[in-house]
Structure formats: C-alpha cells, structure tokens
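A, B, ... follow the sequence lines: proteins, then strands. Residue 1 opens every chain.
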Amino acid sequence: MTRFLVRRLGLLALVVWGVVTATFALVHATPGDPARATLGDKAPESAVQALRAEWGLDQPLGVQYWHFLTDLVSGNLGTSFQYRSPITALLAERLPTTLLLMLMAVTFAVVISLPLATWVAVRGRGGSDIGVRIFGAVAQGTPTFLIGTLLVIVFGLKLHWFPVGGYGRTTAEHLHSLVLPAMTVALGIVPMLVNSLRASLTDALQSDFVAFGHSKGLKPATVLAAYAIRNGSISGVTILGIQAGVLAGGALVVEKVFAIPGMGSLMLAGILGRDFPVVQATTLVFAGIVVVVYLITDLSYALLDPRARLT
Amino acid sequence: MAAVFAPFLTPHDPTAMDLANTLSGPTAAHPLGTDNLGRDTWSRLLFGARSDLGIAALAVVFPFVLGTIVGALCGYFGGWCDTLIMRIADVVSAFPFFVLVITLVFVFGNGPMSIFLAISLVSWVSYARIVRAETLVVRGRDFIQSCETGGLGKARIVVRHVLPNTITQAVVFAMSDVVSNIGVIVTLSYFGLGIVPPTPDWGQMISDGQQFLASGNYALVLIPSAAVILASLSLTFLGDGIANALRAKR
C-alpha cells in the first residue's frame with residue numbers, strides 16, 4: 001500500500017507541475033497587451049508602461065514564471081485587474097458555492113441513477129431498457145446550458161417551483177436556488193452512470209454470490225440490496241471520479257445560465273473582461289479540483305478492491 | 001442534408017432584417033416566425049446548422065488524424081517517447097474539458113478558427129489513448145510477430161498492419177465526438193465566445209431568444225433548442241449504426 005501511495009503521489013506531483021506550467025504558458029501566449037486592454041486605447045503610453053511594470057509584465061518570461069511559481073507556493077494567486085482585489089479573497093467567497101453545487105449535482109446524479117439502473121438491470125431487456133436508452137441519448141446529446149434553459153422554462157417560468165436565477169441570501173435560499181442548476185449538471189452525467197451501473201449490476205445479478213443468497217432463502221429484496229447493489233456499485237465510484245471534469249465544466253456553464261456567483265461565473269467574467277490573473281487562477285483551481293478527485297477515486301478504489309493496489 | 005442545401009430551401013436572407021415585422025408568429029412567408037430584428041427564424045436555423053455542424057465535423061478531423069498517429073506510434077514503439085506523450089495527455093485531461101477549451105478560445109480570440117484550434121488541442125488525447133490501448137493489444141498478436149520476423153520495415157508494419165486493426169474504435173469514437181463538438185460550439189456561441197454575429201448560429205439564437213422568455217415568447221428559444229437536440233440525436237443514432245456495422249464486419 002505504501003509503495004502504491006508513493007507512486008501515485010509522485011505521478012500526481014508531475015501532473016500538477018504540468019498543469020501549472022501549461023496554465024502559465026497558455027495565459028502568457030495570449031496576443032495583445034493586458035495593460036493596454038485594461039486602460040483602453042486612449043490611455044497615454046507612459047501609463048500603460050507603468051501598469052506593465054506594476055504587474056511585472058515587462059520582465060523576461062523566465063522571471064515571470066519563477067515569480068508565478070513562488071507566489072503560488074506561498075498561496076498568492078495575484079490580483080484581479082477588474083475587481084482590484086486579491087484573487088484568493090475572491091476565490092474564498094466563490095469556491096464554496098461551486099463545491100456545494102458540484103456536491104449537490106453528484107447527490108442528485110446518484111439518487112437518479114442507482115434506482116434507474118437497478119430497475120433496468122432487474123427487468124432486463126424490454127420497454128424499460130429502451131426507454132432508459134432513449135432518455136440517455138437525449139440527455140447526452142443536449143448541451144448543459146440547454147438542459148438548464150429548458151428546466152428554467154418548465155420549473156421556473158411555468159411552474160414557479162424554483163427561482164430562475166440568482167443565489168439568495170440565507171442558506172435555505174442558497175439550497176433552493178441550487179436545485180435546478182445541480183439537477184442540470186447531474187443530468188449531464190446520469191446517462192454514463194446509468195450505463196455503467198446497469199452493466200455491473202447485470203453481471204452481479206448473474207453471479208454465484210447472488211445465487212448463493214437466493215438459495216440461502218433470503219428475501220429477493222435483501223439479496224438485491226446487500227449483495228447485488230453493494231458489489232455492482234463499485235464501478236459507479238470510478239465513473240463518478242472520471243466524470244469529475246464533466247462536473248466541473250458543467251458547474252462552469254450552469255453558473256452562467258443561472259447567474260450563480262461561483263468560480264465559473266468568475267472565470268467567464270474574467271474572460272470577457274480580459275482579466276488575465278483571474279483566468280489563470282480559476283483555470284488552475286478547476287484543474288486542481290479534478291486532480292484531487294482523481295486521487296480520491298484512485299485511493300478509494302484501492303481501499304474497496306485490494307487487487308487494484310498491485311498495479 | 002438540409003444544411004447543405006440551405007441557400008435553396010430558405011426564402012429569406014438569414015441576416016436580412018424586417019423591422020416592421022418583428023417577433024411574428026408563423027405565417028406563410030415566415031413558416032417559423034421572425035425574431036426581434038425581424039429576421040426569418042427558418043432561414044437562420046438552416047444557415048446556423050451550416051456553421052455549427054460544419055465546424056463540429058471539421059473539428060473532428062485533425063484530432064482524429066493526429067491522435068491516431070500518435071497513439072499507434074506510442075503503442076507500437078513504447079519507450080521514453082510513449083511515457084512523455086502519455087504524461088502530456090495526463091496533464092491535458094487534468095483540465096476540465098470545458099475549462100480548457102474556453103481558456104484556449106480566450107487565448108486565440110473568438111471565431112470558428114479558434115474554436116477549431118481549441119477543440120483540436122484538447123481532444124487528440126482521447127484518440128491517442130484509444131488507439132494506443134488497441135495497438136498494445138495488437139502488437140502481441142501472431143501476425144505482427146510474423147511481420148517482424150519476416151523483416152518488414154517498422155513504418156510498413158505500423159501503417160499496413162497495425163493501423164487497419166486499431167482504427168475502428170477511433171472511428172466509432174469520432175462519431176460521438178461530433179455530437180460533443182456540437183455541444184461545445186453551441187455553448188461557446190451562447191456565451192458570446194464562439195461564432196461571431198451576424199453569422200447565424202444556434203447558440204446565439206438561443207441566447208438572443210432568452211430575453212423574451214419572461215414575456216411568454218418561448219418559440220425563439222425552443223425552436224433552435226429542438227434543432228440542437230435533433231441534430232445530436234440523429235448523429236448519435238448514425239454513429240451507433242456505423243459502430244454496429246463495423247463490429248459486424250469484424
């Protein structure tokens with residue numbers, strides 16, 4: 001287990017370094033001068049030069065990279081051009097919202113997928129199977145922002161069950177306004193989750209241990225819950241981990257659609273306002289979330305299934 | 001099909017405005033009505049299909065070619081080059097797909113060319129992974145071994161013997177990739193980061209139509225939405241069909 005952990009962490013460090021460097025390279029390859037873009041075309045050249053010096057943009061790229069790395073290690077993500085405040089403060093405000101949104105989305109996805117997959121696996125091929133497949137194809141083929149828009153039309157504008165946007169002030173309002181966005185993100189990963197759960201549940205139902213449970217005289221429902229679902233849902237954990245990127249991307253999109261003040265809307269505001277440090281920082285944090293989730297998935301998989309530690 | 005023949009099927013110029021006739025319902029002249037600037041919705045829908053589906057299909061080609069070649073070479077030769085490229089692939093896939101594509105579009109600027117570049121830079125990884133995995137399987141098979149003992153050149157083995165046996169999975173993936181590309185392009189345009197007006201595009205149509213939702217005019221959002229969903233669905237089914245046909249051939 002220790003060797004497994006060390007190897008994983010080593011690989012992780014390498015990927016993190018790659019992510020950091022790629023983000024720096026991306027943002028610094030951007031055409032156009034951010035100082036000029038911030039001050040506008042009419043600003044005098046001397047003001048632009050002063051701003052460039054203030055942001056360190058006049059230094060050689062290598063020096064900028066070194067400063068970027070050392071700042072990052074000390075937890076300094078720079079200052080936003082637009083908001084004129086430290087990005088760490090902006091993130092502290094907005095990251096919890098995005099994480100809560102992602103958590104709710106995962107919960108919804110599991111609550112929808114597990115019963116659906118169990119139902120189809122037990123029923124086998126037939127009408128329910130075809131229905132779920134068509135639902136999956138529609139959900140998969142519909143872009144996230146469109147699912148969100150359609151949910152707004154039905155549950156916001158027609159039925160008035162949930163707010164069409166915004167985030168509210170109290171915790172109860174936060175949760176209430178996150179229902180539709182989280183459902184939107186969840187629907188993006190449900191098809192994948194249902195497919196993999198159905199496959200592994202079908203396998204589990206045909207296995208010896210389920211037959212053993214039945215022959216022991218246990219109730220069918222007990223066998224299903226204690227034997228089939230418990231073993232069959234391990235694959236779901238992996239799929240959820242792999243989908244971390246889709247979840248994060250989905251959060252980015254729905255925050256814009258529902259006007260939720262999270263990291264995604266911060267990033268898009270940064271992009272539209274050509275706010276380089278914000279784009280750089282949010283890209284990094286999004287990638288960071290994914291890397292952490294991958295690691296957790298890997299570790300939980302190793303805990304759940306001892307065979308995985310060998311490779 | 002309709003998208004290809006758009007100029008012959010549409011009675012109106014998709015960018016022509018008729019300010020006297022805005023937000024109208026379906027009429028004989030405008031079968032799906034008009035938008036807030038009096039532009040014909042049907043014409044905009046078909047021309048939008050041209051730009052969205054066109055870029056979506058084109059944006060599959062480059063990643064497919066690059067990913068397949070890289071995957072086959074990595075899988076067949078292995079070694080430090082394989083390790084390096086797979087670590088690069090790890091880094092690329094550590095970014096959420098959407099986050100990276102949006103950042104890339106930010107770097108390259110708006111427009112079809114940068115969407116194309118952004119998607120290409122991100123999605124070659126999937127093709128490389130798929131083909132590499134298949135190549136690793138094929139490499140150990142007897143017919144490749146006999147090619148090697150027969151003294152055939154490495155290049156010849158990869159092109160003539162490895163690729164034909166590994167490319168099927170990549171083709172199948174490419175079909176679903178077109179669908180996901182449509183989603184990306186429409187979303188980017190919806191955010192105002194994609195196709196630049198006045199070129200018609202479904203994402204913009206939906207975003208423009210949203211301001212009229214509150215006043216109860218759903219058609220301007222629902223019509224392009226239905227177009228996106230129908231296009232994705234039909235391509236998904238087409239992809240399934242091709243996948244089945246390829247599997248049957250094997």
Side-chain angles (χ1 to χ4, degrees), chain A residues 11-12 14-23 26-32 134 137-138 140-146 149-150 152-153 156-158 164 244-253 256-257 264 267-268 270-272 274 276 279-280 282-291 294, chain B residues 87-110 118 121 176 179-180 182-193 202-203 206-207 209-210 213-216 218 221-222 224-237 239-240:
Chain A
L11 211 59
L12 182 81
L14 204 66
V15 169
V16 168
W17 173 75
V19 164
V20 168
T21 307
T23 312
L26 267 180
V27 174
H28 286 260
T30 314
I134 291 179
V138 173
Q140 194 110 65
T142 312
T144 308
F145 82 94
L146 201 50
T149 310
L150 298 178
V152 163
I153 294 181
L157 293 170
K158 282 277 178 197
V164 290
V246 180
L247 270 176
L252 166 79
V253 172
K256 167 81 176 172
V257 175
M267 179 177 185
L268 284 169
I271 283 183
L272 293 173
R274 300 205 76 72
F276 293 75
V279 176
Q280 188 168 274
T282 44
T283 307
L284 263 182
V285 176
F286 267 124
I289 295 176
V290 174
V291 170
Y294 280 168
Chain B
R87 289 297 85 78
I88 294 176
D90 283 347
V91 170
V92 173
S93 44
F95 291 98
F97 181 77
F98 241 102
V99 171
L100 191 51
V101 168
I102 287 185
T103 310
L104 283 167
V105 170
F106 169 71
V107 170
F108 297 134
N110 291 6
L121 279 175
S176 66
V179 177
S180 87
I182 294 177
V184 171
I185 294 164
V186 175
T187 307
L188 285 173
S189 304
Y190 172 81
F191 286 157
L193 293 169
W202 293 341
I206 296 170
S207 151
Q210 262 183 343
L213 281 180
S215 54
Y218 299 129
V221 169
L222 290 183
S225 307
V228 174
I229 297 172
L230 279 178
S232 305
L233 264 187
S234 37
L235 282 169
T236 304
F237 289 137
D240 283 353

Below 4.5 Å, heavy-atom pairs only: which of L252(A), V290(A), L146(A) has the largest tally toward chain B?
L146(A)
Most contacts with chain B, counted as non-hydrogen pairs under 4.5 angstrom, among V246(A), L268(A), L14(A):
L268(A)
What closest approach, in Å, do A248(A) and P96(B) show between heavy atoms, and which atom pair accounts for it?
CB-CG, 3.7 Å
Heavy-atom closest pair, residues F191(B) and L272(A)
O-CD2, 4.4 Å
Residue part contacting chain B, namely of L150(A), when any heavy atom lies under 4.5 Å:
side chain
Quick check: do V253(A) and Y190(B) have side-chain heavy atoms less than 4.5 Å from each other?
no
Toward chain B, the part of L11(A) with a non-hydrogen atom under 4.5 Å:
side chain
Under the side-chain hydrogen bond (donor to acceptor under 3.5 Å, both in side chains) rule, collect the residues that match up with T103(B), sequence neighbours excluded.
T283(A)
Contact part of Y294(A) toward chain B, heavy-atom cut-off under 4.5 Å: side chain, backbone, both or neither?
side chain
Top contributor to chain B contacts, counting heavy-atom pairs under 4.5 Å, from G264(A), G245(A), G288(A), A244(A):
G245(A)
Can you give me the closest heavy-atom contact between F95(B) and A287(A), atom names plus distance?
CD2-CB, 3.7 Å
With a 4.5 angstrom heavy-atom cut-off, could you sort out which part of I102(B) is near chain A: side chain, backbone, both or neither?
both
Is chain A contacted by the side chain of L100(B), its backbone, both, or neither, given a heavy-atom distance below 4.5 Å?
side chain
Which residues share a side chain to side chain contact (heavy atoms under 4.5 Å, CB included) with L12(A), sequence neighbours left out
L9(A), V16(A), V291(A), L295(A)
Give the member of V15(A), T142(A), V19(A) that has the highest number of heavy-atom pairs under 4.5 Å with chain B.
V19(A)
Per-residue contact mode, V179(B) against chain A (heavy atom under 4.5 angstrom):
side chain
